[in-house]
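Reminder, nothing fancy here: chain letters follow the sequence lines and each chain counts from 1.
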Amino acid sequence: MTASARTPESEGPSAVQRTHPLRIVLADDERLFRSALAALLESRGHLITAQVGDADTLRAAVARTEPDLAVIDIRMPPTKRLEGLRAAVDIRQSHPGVGILLLSQSVQVTHLTELTGYGVRGVGYLLKERVADEHFLDTVRRIAAGECEFDQEVLGLLFNGPHQQGGLAKLSTRELEVLKLMAQGLTNPAIASQLVVSVKTVETHVGSVFRRLALPDESEGEYHRRVLAVLTYLQSERHG
Amino acid sequence: MALAVCGAGFGTYVLVVTAPGRYPTTTTILFSGAVGGLYLGAGLLARLRRPGNRVGLMMLLVGIGWFAEDLQISLDPVVHTVGLLVRSASSGFLIPLLLMFPDGRLRTRIDRVLAGAGYLTAFVLMPATVPFSTSVVRNLLLVHPVDWVRPATDVVQFVMSGAVVAVLLVRWTTATRPARRVLTPLFAVGLVGGLASALDGMLGTGPSWTHTPLINIAHVAVLLLPLAFLAGVWRVRMGRTAVADLLRRMPLASKEQLRDALARALGDTSVQVGFPAPDATGYLDSQGRTLGAAPGQQVSALERNGRRVGVLLHDPALREDRYVLEAVVSAVALELDNQRLAAEVRAQLAEVRASRARIVEAGDEQRRRIEHDLHDGAQSRFVTALVTLRLARQRLTNQPTPDPGLAELLDRIAELMGEGMDQLRDLAHGIHPAVLSETGLVAALEMIAARSPCPVRVSAAAVPELPRPLAATAYFVAAEAVTNALKHAGATTITIDVRHEDGVLRLAVADDGVGGADPDRGTGLLGLRDRVAVFDGEMTISSAPGQGTVVSATLLTGDSGRAAPVQGEDGRG
């Protein structure tokens with residue numbers, strides 16, 4: 001049910017970490033849900049360093065326990081609007097090493113910009129119900145390892161969304177096609193076979209997509225530039 | 001009318017009968033006929049114009065009396081004797097006429113006594129002297145001539161005249177402007193004529209260089225007197241014209257204008273209208289100050305259907321022209337009552353609109369709460385149950401001899417619960433999209449686009465943070481329009497355009513479908529009309545066959561006087 005911007009094996013996070021237990025902070029004001037989620041994660045050997053029910057306690061818990069990952073409900077008291085998101089943004093600034101997995105009960109695409117404003121390394125955004133999915137525990141691990149993960153439904157909304165005009169006008173039809181496939185998490189060889197072209201051609205297209213979208217930081221590496229390209233693609237019209 | 005015709009016939013008869021006895025200078029047929037005729041004509045006119053006013057009747061009687069007096073000029077002894085009996089008839093009627101001018105009523109006791117004395121003198125005292133007076137023509141009723149009778153009656157007549165003049169002078173000096181306006185023509189003519197006569201008498205009636213012009217002036221004055229009466233009555237009538245004018249100018253924009261128009265119509269600059277104070281304790285003037293009557297001002301109540309709607313402070317002299325005053329009082333009462341009713345209707349309308357806005361708002365609030373409860377309640381339990389189920393499934397897998405049938409059942413449950421959750425989420429979204437209260441209208445419109453199976457383009461310009469019920473209204477209109485376009489119109493592209501300018505939010509949803517939608521039937525849009533109206537807006541649907549459909553709505557976001565809560569941080573979705 002989830003789609004991640006997968007990277008070629010060579011560039012992915014080390015597989016050694018797969019068995020390493022994670023230190024996780026859970027932030028959700030629904031105590032029952034929080035306990036169930038904690039039980040699920042603990043069943044895989046992870047350590048829940050703190051369970052909190054509001055944003056301020058979350059910030060404090062992250063500062064105190066310095067976890068690998070914070071799983072945060074977007075809506076928390078007192079206003080039940082976007083406290084979780086604000087706290088997540090704060091944590092990304094104060095503790096860039098902490099992975100963030102945001103959970104939302106409804107599909108919304110407008111929060112993505114705020115969340116990805118500091119890069120997409122170690123960021124996830126999922127519908128809350130995905131925690132019951134088979135892949136959830138893998139996802140948790142990947143985000144903690146620095147990958148990013150966006151809910152299929154969120155991406156689906158973005159694809160159906162209004163992007164006939166705007167910044168993407170700079171891209172050629174073929175480049176747009178490549179970008180779409182990138183956004184679906186396909187690797188360059190996969191894209192090549194899908195479009196029935198050579199991998200080299202795809203690499204050229206990907207390179208020109210990066211250029212045309214003016215993605216700045218080459219130090220981010222291929223994987224994250226891909227994700228940023230996708231996100232730029234998805235959001236350029238919306239906010240530009 | 002009949003009286004006037006009889007009078008005219010009588011006058012002609014008199015003129016014919018008396019023709020042989022007339023002197024060529026003082027008592028010509030022309031002059032007599034003109035004066036009498038003028039009284040008759042003016043009286044008739046006054047009578048026709050103002051049937052309720054006795055002035056016209058009295059003028060007719062004076063005219064007949066005038067002709068009757070001339071009978072004494074006749075050389076025929078019988079006619080002459082009759083003429084002697086009525087030789088003061090015109091002044092008998094003239095005295096009451098002067099006193100009751102201009103409204104036809106004898107106001108004071110003195111007026112009534114004087115009028116009575118006038119009748120008594122003319123129709124009792126004067127005839128009673130006939131048996132004792134000699135004349136140039138044979139007096140058939142002569143019993144015995146008494147020399148002092150003539151001077152005595154002259155004294156009586158002089159005293160009477162003096163008393164009437166005194167009363168009129170007092171009236172003039174005490175009269176206020178509106179009253180003087182009516183009295184002026186009569187008094188001016190009377191003064192000129194009287195002065196000329198008096199001067200002539202003092203200078204001697206013998207033919208001299210002064211006599212001819214003076215007597216001419218006096219004659220002209222006598223001629224003009226009936227016209228002066230008529231002019232006075234006419235001026236009262238002018239007052240009524242002013243009332244008609246006032247009525248035509250109503251309703252007046254401001255209280256100040258109303259007061260000024262009244263002052264003009266009544267010819268009374270001191271007039272004040274008392275508007276009921278809001279706390280119903282008294283009256284306020286046109287500038288909102290507490291109203292008090294100036295010394296000598298009269299207060300007329302303005303009533304309508306038995307309800308006191310205000311007061312009018314005015315010059316007491318206006319009472320003398322009560323027709324005008326009554327008309328003005330009615331007109332102002334009508335106007336004030338209209339203003340009161342209009343204010344009442346406005347207040348009621350405002351209340352109805354406010355209550356409609358409250359109903360919409362309460363409905364939205366309820367929807368939001370339901371959506372919120374679904375999220376935080378049912379949906380959250382579902383997720384928790386799913387996670388717990390997942391734990392159970394995991395534990396089953398970890399058992400040394402897992403039951404494959406049980407694992408399958410657990411998977412099936414998880415699947416069903418997942419579907420239930422999807423439905424629940426769609427339901428919650430349909431009731432009230434969380435994005436609307438969390439992020440605003442434009443984001444919610446983009447969600448409509450994102451969920452649509454066919455391309456929907458959203459363009460938004462300068463949309464500020466909107467009051468929550470207004471944003472919801474625009475959202476529901478757009479959502480319904482898109483649903484219709486997809487369901488009925490077979491549209492392939494849809495555009496949603498929303499922009500805000502000059503305090504108006506304009507929303508337009510256009511599709512390229514089959515068109516031909518009946519705006520009055522079969523769409524959920526109709527139900528949204530009332531919602532749109534809450535924001536003084538309107539919704540139009542243009543859908544010519546084959547031309548696609550455009551649903552547009554305008555919503556007023558500016559200062560429309562409604563206290564709609566602004567979408568704020570306390571939003572719960």
With chain A, the option among T388(B), V383(B), L386(B) that has the most non-hydrogen atom pairs under 4.5 Å is V383(B)
Would you mind telling me which of L389(B), N398(B), L391(B) has the largest number of heavy-atom pairs within less than 4.5 Å of chain A?
-> L391(B)
State whether the number of non-hydrogen atoms from other residues, nucleotides or ligands found under 6.0 Å of [X] atom [atom1] is greater than 12.
X	atom1	value
E42(A)	CD	yes
E408(B)	CD	no
R174(A)	CZ	yes

Take D422(B) and E129(A) through the test side chain to side chain contact (heavy atoms under 4.5 Å, CB included) and record every step on the way to the result.
-> CA-CA 9 Å; D422(B) 287 346; E129(A) 65 205 65; 3.2 Å; yes
Mark yes or no for whether Q105(A), through its side chain, and H375(B), through its backbone, hold a donor-acceptor pair below 3.5 Å.
-> yes
Identify which part of R381(B) has an atom lying under 4.5 Å from any heavy atom of chain A, answering side chain, backbone, both or neither.
-> side chain
Region of Q379(B) in contact with chain A, defined by heavy-atom distances below 4.5 Å | both
Do the side chains of R34(A) and T384(B) get nearer than 4.5 Å, heavy atoms only?
-> no
Nearest heavy-atom neighbours spanning A132(A) and R390(B) = O-CD, 2.9 Å
So, for L37(A) and V387(B), which heavy atoms are closest and what is the spacing to 0.1 Å?
-> N-CG1, 3.9 Å
Greatest number of non-hydrogen atom pairs under 4.5 angstrom with chain B, of D28(A), L40(A), L32(A), falls to L40(A)
Find the distance between CZ (R425(B)) and NZ (K128(A)) and round it off to the nearest 0.5 Å.
-> 13.0 Å
When rounded to the nearest 0.5 angstrom, what is the spacing between OG in S380(B) and CG in D29(A)?
-> 8.0 Å
Can you tell which part of L103(A) gets under 4.5 Å to a heavy atom of chain B, answering side chain, backbone, both or neither?
-> neither
